[in-house]
Amino acid sequence: MSEPRRVVTDSMIGLKLPDYTRLSPRVATVLGHNPGPFTGPGTNTYIVGTGRRPLLLDTGIGVPKWAELLPIGLKELANSDEFEKIVLTHAHMDHIGGVKDAHRLFGRVDVYKKPWPGHDEPAGVPVSVIDHDAVVTTEGATLRAVFTPGHAPDHLCYYLVEEKALFTGDVVLGAGTTIIPDETGDLGQYMDSLRRLLALDVEKIYPAHGPVIKDAKRKIQEYISHRELRERQVLEAIKDGPLEVTAIVKTIYTDVPEFLHPAAAQSMRSHLKKLRNEGRVVEHDNRWGLN
Ligand SMILES: [Zn+2]
């Protein structure tokens, strides 16, 4: 099999996005202003719908700058002063942390997400339970939830029927690749989630971080190919004998600056765990080798 030509090597670092932007007749975004190496300029929080009370999709980490911008963005972009409801992709702090601010500003509207016991508390209210295939509507927009675990066990993407668009949360990003956390992530589930998204009739992606992706299918396929390539590289790196994770990272991540190697190591451990689940590698004394 030939190597894929496109490999994801771009990153979030240095990306800039406006404070708020109208993206389509029914979608606008307000920047979360929680910048970082893995969040880029910050989380995109989306205003969705065409009515006077649209819905808010994700809420950032909860910084004052976002709470300042949100009512301004809502007024300017949607000519609105209130939200009908809040919808969340998953319980990571940079998506759920702003719920309290939104409630303070706009009242305690319902918050919809797939529950993740022990992780939903920062929302500050009990969540309204939704799961795979649930439909959430507001005037001018129909969202269908797609269960996409792997980055987080509670992750839902939302398919926007009217635009054949997908709110991907952290499953597919506008730049760089997704982190699969050591403790709570699962690369095998993540790959299944990507394949589930690829099977949808999707044209455009509104990611939680970075700019809008216009060619959705190509991006999702690129993500799948990237992980498949990494997997082949891992197996290649240990074919002559077991190695520690840091040594595997040094062999493979020649194109990635050293300060990102801890994140790369996390990604390598995800690959190794997936391969171990499949019975293809074994671990002995922190060294990983072929089974
Ligand atoms: Zn996340």
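Note that the structure is a prediction, hence the values are computed from the model and not measured. Atoms within each ligand, like the ligands themselves, are counted from 1 in listed order.
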Notebook entry, point to check: Between Gly32 and Val63, what is the shortest heavy-atom contact and its length?
Noted result: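 Distance-wise, the nearest heavy atoms are O-CG2, 3.1 Å.
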
Confirm or rule out an N/O/S atom of [X], from backbone or side chain, lying less than 2.8 Å from the Zn ion (ligand 1).
X      : answer
His90  : yes
Asp170 : yes
His155 : no

Item checked: Cation-pi, Tyr253 ring and Arg230 (6.0 angstrom, 45 degrees) ->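 Pair Arg230/Tyr253 counts as cation-pi.
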
Notebook entry, point to check: Please walk me through it: do Lys273 and Glu231 pass salt bridge (charged side-chain N to carboxylate O under 4.0 Å, His left out)?
Noted result: CA-CA 11 Å; Lys273 277 193 227 167; Glu231 183 167 294; over 6 Å; no

Checklist line | Test side chain to side chain contact (heavy atoms under 4.5 Å, CB included) applied to Leu88 and Leu56, Ile130, Leu57, Val99, the passing residue | finding: Val99

Item checked: Angle, ND1 of His92 through the Zn ion (ligand 1) to NE2 of His151 - 10° precision -> 90°

